[in-house]
**Student:** 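One structure coming up, written as structure tokens, with questions to follow.
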Amino acid sequence: MKHIQFLMKDKWLFLFFLIWFGGMFWIVSERFVDAETDPKAYFALFGAVIFCMFWVLKTFRWDMSSKFCFTDFAAAIMLCAVSQAFYAILQKTGVCTSFGAFPVCGSFDNPAGVASALAFSLPFCLGLVDHRYSCVRKVAWASIAIIAMGVIVSESRSGILATYMVIFVFFVIRRKCIRKLWMIFPVVGLVAAVVFLYHYKQDSADGRLLIWRCTWSVIRESPWIGHGIGGFQARYMDAQADYFKAHPESPYVMLADNTQAPFNEYLGLLTEFGFVGGIVLLVGVVLLLQAWRKHPYGSSRVAMLCLLSIAVFSLFSYPFRYVHTWMLCGISIVVLLFNAYPPALSVRRVISLSATLCLVGVACLSIHRMRTEMRWCEVATCSLGGMTDEMLSAYNKLYGELGGNPYFLYNYAAELSVSGHYGESLRIGQECDALMADYFVQLLMADNCKQLKRYEQAKRYLEQASYMCPNRFVPLYELYKIYELQNDTVAMCRMAEVILRKPIKVESSEVHRIVAEMKRYKQGMKSAF
């Protein structure tokens, strides 16, 4: 039994960490509209409040050093990650089904979620491979293998790259004979891995090049201070539409999609906070590197590897969408700074009390927000069940609370349109469009205008939607239907030709129906002459 006591140096604290991070990785609730992401975020917040309260008690009442056993913390994360990796592997083999639209998502909505959770947990497993007990080392190595397999089956290239870099750097900095070259080896390895993963799924990689190119055009509109929080969502799809207006023959046409994330957290930061935000990030990185050089071993090494994993993953994905990224990033920063610059007891008391008061305030506000979002989920479920008209009054009440949420606005506008309130739906849709430029929002507003017989306005929305995603058939078909309502046969023939010449990106019954209708129309026109 003594060989497993590394889990029990503080059994209650270990159990708390296990539940806390287990909730961040595992909780799913159908009582939220975003069933896989929002429950994890609220659970993490309330867990952080409890942890900070415990920290306050430890520093004030017990007058201790307030240094928790980092091994307990690492072991808890390791167990949570291994369970998540097993689940991903079972999904890959078909034993379990995923929550999201992808075959392997773990308990998340996207492979990026499970891959980031596993990749960011890996450094804590590596921190146990030098443990004094051999059985602990064996468990750590086995966990590393399982976690790496979980990342691989997720097929997340960002996760594979981050996992590779963490393991590579870990072995490089352990070898004293090559430690002087620790900057060279990772860079060479990173370049080689990027080239390999680019060719692994080249179309997807080229699609991200399009996103980065259009994101840069958004950054140039306000380079120093950015567009504020939500700036990417509000402006990106319009920038993509402008790109295809200027480059209709671009090779990226077939790769364009309805994008709501830049697939690069650094470009996202520049979009929202400009180069001022970028400079702040750079200064923070320099300070953390100095802290690591001052204390480069033990828990500091684990923390730095965790931040490295997050940094690499952020190059090609959006890990900060998930709460575990924020938590592990924040914890790693605190570990680095506290190890390098150990604060006095009085300073620890001030920090712990301030953090607790701030989190308690945020948690109190979040309780109301959480109840509102749960109510939204109930209303949306009833509306989908055929009670749209009955739920409109509830939507109107929620509008006062969630009017700044573009996803709620889209949902509300869609339900208003279903119930025939086209003018109100158009107004709400325009509010949504101001917060989130989106292909589906354009289609919704166009349909409202069509029902209101505002055909010219409807055509503008449909043309914008077509430029946003030029490989889609629906905007062109809806334009055809509007020309039909206007008895514009010349425009109908032109639109039918455009649709019939368009290559099909994704086979679907809807696309085949549209193409078949256009063929019948063309044949009818020929027989008429």
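If you're wondering where the values come from, they're calculated on a predicted model, not measured in any experiment.
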**Student:** Can you find a heavy atom in the side chain of Tyr236 that is under 4.5 Å from one in the side chain of Pro262?
**Tutor:**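 Side chain of Tyr236 against side chain of Pro262, heavy atoms only: no contact under 4.5 Å found.
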
**Student:** Is there side-chain contact between Leu126 and Arg301, with heavy atoms separated by less than 4.5 Å?
**Tutor:**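 The answer is no; the side chains never approach within 4.5 Å.
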
**Student:** Tell me, please, which residues at least two apart from Met237 pass side-chain contact (heavy atoms from CB on, under 4.5 Å).
**Tutor:** Gln240, Asn258, Thr259, Gln260, Ala437, Met468, Cys469

**Student:** Applying side-chain contact (heavy atoms from CB on, under 4.5 Å), name anything that partners Leu359, two or more places apart in sequence or on another chain.
**Tutor:** Leu45, Ala48, Val49, Cys52

**Student:** Mark yes or no for whether Ser317, through its side chain, and Ser314, through its backbone, hold a donor-acceptor pair below 3.5 Å.
**Tutor:** no

**Student:** Passes side-chain contact (heavy atoms from CB on, under 4.5 Å), Val28 versus Lys40? Steps please.
**Tutor:** CA-CA 7 Å; Val28 174; Lys40 295 178 174 66; 3.8 Å; yes

**Student:** Who are the side-chain hydrogen bond (donor to acceptor under 3.5 Å, both in side chains) partners of Glu507, not counting sequence neighbours?
**Tutor:**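 So Glu507 forms a side-chain hydrogen bond (donor to acceptor under 3.5 Å, both in side chains) with His512.
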
**Student:** Mark yes when over 12 heavy atoms from residues, nucleotides or ligands other than Tyr467 sit less than 6.0 Å from its OH; otherwise mark no.
**Tutor:** no

**Student:** Indicate, with yes or no, if the rings of Phe54 and Phe16 have centres closer together than 6.0 Å.
**Tutor:**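 No; Phe16 has its ring centre 6.0 Å or more from that of Phe54.
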
**Student:** Just how far is it from atom CG of Leu122 to atom CG of Leu305, taken to the nearest 0.5 Å?
**Tutor:** 8.5 Å

**Student:** Would you confirm whether Ser309, through its side chain, and Ala119, through its main-chain N or O, come within 3.5 Å as a donor-acceptor pair?
**Tutor:**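 At least one qualifying donor-acceptor pair exists.
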
**Student:** Leu328 and Cys306: which non-hydrogen atoms are nearest, and at how many Å?
**Tutor:** CB-SG, 4.0 Å

**Student:** Restricting to non-hydrogen atoms, name the atom on Leu337 and the atom on Ala291 that form the minimum distance, rounded to 0.1 Å.
**Tutor:**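 Distance-wise, the nearest heavy atoms are CD2-CB, 4.3 Å.
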
**Student:** Could you walk me through whether Phe440 and Tyr410 pass the ring-ring contact (aromatic ring centres under 6.0 Å, His included) check?
**Tutor:** CA-CA 9 Å; Phe440 295 104; Tyr410 176 77; 7.1 Å; no

**Student:** side-chain contact (heavy atoms from CB on, under 4.5 Å), that's the test. Do Val218 and Cys214 meet it? Break it down for me.
**Tutor:** CA-CA 7 Å; Val218 176; Cys214 295; 5.9 Å; no

**Student:** Would you compute the distance between atom CD of Glu155 and atom CZ of Phe102 and round it to the nearest 0.5 angstrom?
**Tutor:** 11.0 Å

**Student:** Are there over 12 heavy-atom neighbours, none belonging to Trp26, within less than 6.0 Å of that residue's CH2?
**Tutor:** yes

**Student:** Should we say atom CZ of Arg137 is surrounded by more than 12 heavy atoms from elsewhere, each under 6.0 Å from it?
**Tutor:**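 Above 12, so yes.
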
**Student:** Find the distance between CZ (Phe275) and CG (Leu281) and round it off to the nearest 0.5 Å.
**Tutor:**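 Interatomic distance, Phe275 CZ to Leu281 CG, rounded to 0.5 Å: 13.0 Å.
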
**Student:** Contact between Ile331 and Phe51 at the side-chain level, heavy atoms closer than 4.5 Å - yes or no?
**Tutor:** no

**Student:** Can you check whether Thr215 reaches Asn264 side chain to side chain, under 4.5 Å on heavy atoms?
**Tutor:**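 Not in contact.
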
**Student:** So Leu308 and Phe170, do their side chains get closer than 4.5 Å, heavy atoms only?
**Tutor:**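 Phe170 does not reach Leu308 side chain to side chain.
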
**Student:** What's the shortest heavy-atom distance between Thr325 and Pro319, and which atoms?
**Tutor:** OG1-O, 2.7 Å

**Student:** Find the distance between CZ (Phe14) and CD1 (Ile19) and round it off to the nearest 0.5 Å.
**Tutor:**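 Phe14 CZ to Ile19 CD1: 10.0 Å, rounded to 0.5 Å.
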
**Student:** What are the two closest non-hydrogen atoms of Leu118 and Gln84, and how far apart are they?
**Tutor:**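 Minimum heavy-atom separation between Leu118 and Gln84: CD2-CB, 4.1 Å.
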
**Student:** Using a strict cut-off of less than 4.0 Å between a Lys/Arg side-chain nitrogen and an Asp/Glu carboxylate oxygen, indicate whether Arg369 and Glu373 qualify as a salt bridge.
**Tutor:**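 A salt bridge is present here (some side-chain N lies under 4.0 Å from a carboxylate O).
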
**Student:** Rounded to the nearest 0.5 Å, what separation is found between the CG atom of Leu267 and the CD1 atom of Ile219?
**Tutor:** 5.0 Å

**Student:** Tell me yes or no: between the side chains of Ser299 and Asn339, is some donor less than 3.5 Å from an acceptor?
**Tutor:**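 There is such a pair between these side chains.
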
**Student:** Which atom names give the shortest non-hydrogen contact between Tyr87 and Cys96, and what distance separates them?
**Tutor:** CE1-CB, 3.7 Å

**Student:** Rounded to the nearest 0.5 Å, what's the gap from CD on Glu265 to CG on Leu270? Could you check?
**Tutor:**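 Reported to 0.5 Å precision, the distance equals 11.5 Å.
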
**Student:** Mind checking whether Tyr318 and Phe263 have ring centres under 6.0 Å apart?
**Tutor:**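 Ring-ring flag for Tyr318/Phe263: true, centres closer than 6.0 Å.
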
**Student:** Can Ile144 and Trp141 be said to form a side-chain contact (heavy atoms from CB on, under 4.5 Å), step by step?
**Tutor:** CA-CA 5 Å; Ile144 291 167; Trp141 283 117; 3.8 Å; yes

**Student:** Using side-chain heavy atoms (C-beta onward) and a distance below 4.5 Å, is Asp38 in contact with Val33?
**Tutor:** no

**Student:** Any side-chain to backbone donor/acceptor pair from Trp224 onto Val276? Under 3.5 Å, distance only.
**Tutor:**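 Between the backbone of Val276 and the side chain of Trp224 there is no qualifying donor-acceptor contact (under 3.5 Å).
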
**Student:** Is the distance between the ring centroids of Tyr322 and Phe108 under 6.0 Å?
**Tutor:** yes

**Student:** Please evaluate residues Ser217 and Tyr243 with respect to the criterion side-chain hydrogen bond (donor to acceptor under 3.5 Å, both in side chains), reporting the C-alpha separation (whole Å), side-chain torsions for both, the decisive distance (0.1 Å), and the verdict.
**Tutor:** CA-CA 9 Å; Ser217 68; Tyr243 173 80; over 6 Å; no

**Student:** Does Phe86 have more than 12 heavy atoms from other residues, nucleotides or ligands lying within 6.0 Å of its CZ?
**Tutor:**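 Open.
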
**Student:** Between Phe316 and Leu161, is the side-chain contact (heavy atoms from CB on, under 4.5 Å) condition met? List the steps.
**Tutor:** CA-CA 10 Å; Phe316 307 103; Leu161 184 61; 3.3 Å; yes

**Student:** Donor-acceptor pair, Glu272 side chain versus Gly230 backbone, under 3.5 Å?
**Tutor:**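 Indeed, once roles are kept as given, a pair shorter than 3.5 Å links the two residues.
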
**Student:** Tell me if the aromatic rings of Phe73 and Phe17 count as close, with their centers under 6.0 Å from one another.
**Tutor:**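 Phe73 vs Phe17: aromatic centres under 6.0 Å.
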
**Student:** Within the side chain of Ser300, is there an N or O that forms a donor-acceptor pair under 3.5 Å with the backbone of Pro296?
**Tutor:** no

**Student:** Do Tyr252 side-chain atoms and Phe244 backbone N/O form a donor-acceptor pair below 3.5 Å?
**Tutor:** no

**Student:** Compare all side-chain heavy atoms of Trp212 with those of Leu209 and state whether any distance is below 4.5 angstrom.
**Tutor:** yes

**Student:** Are the side chains of His295 and Leu336 in contact, using a 4.5 Å heavy-atom criterion?
**Tutor:**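 The answer is no, as the side chains (C-beta and beyond) never meet within the 4.5 Å cut-off.
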
**Student:** Of all heavy-atom pairs between Phe25 and Cys80, which one has the smallest distance, and what is that distance?
**Tutor:** CD2-CB, 3.7 Å

**Student:** Counting only heavy atoms not in Met149, do more than 12 fall under 6.0 Å of its CE?
**Tutor:** no

**Student:** With a sphere of 6.0 Å drawn around CG of Leu287, does it hold more than 12 non-hydrogen atoms of other residues, nucleotides or ligands?
**Tutor:** yes

**Student:** Run the side-chain hydrogen bond (donor to acceptor under 3.5 Å, both in side chains) test on Tyr341 and Gln290 for me, step by step, so that the C-alpha distance in whole Å, both residues' side-chain angles and the decisive distance to 0.1 Å come before the verdict.
**Tutor:** CA-CA 11 Å; Tyr341 312 103; Gln290 290 179 344; 4.9 Å; no

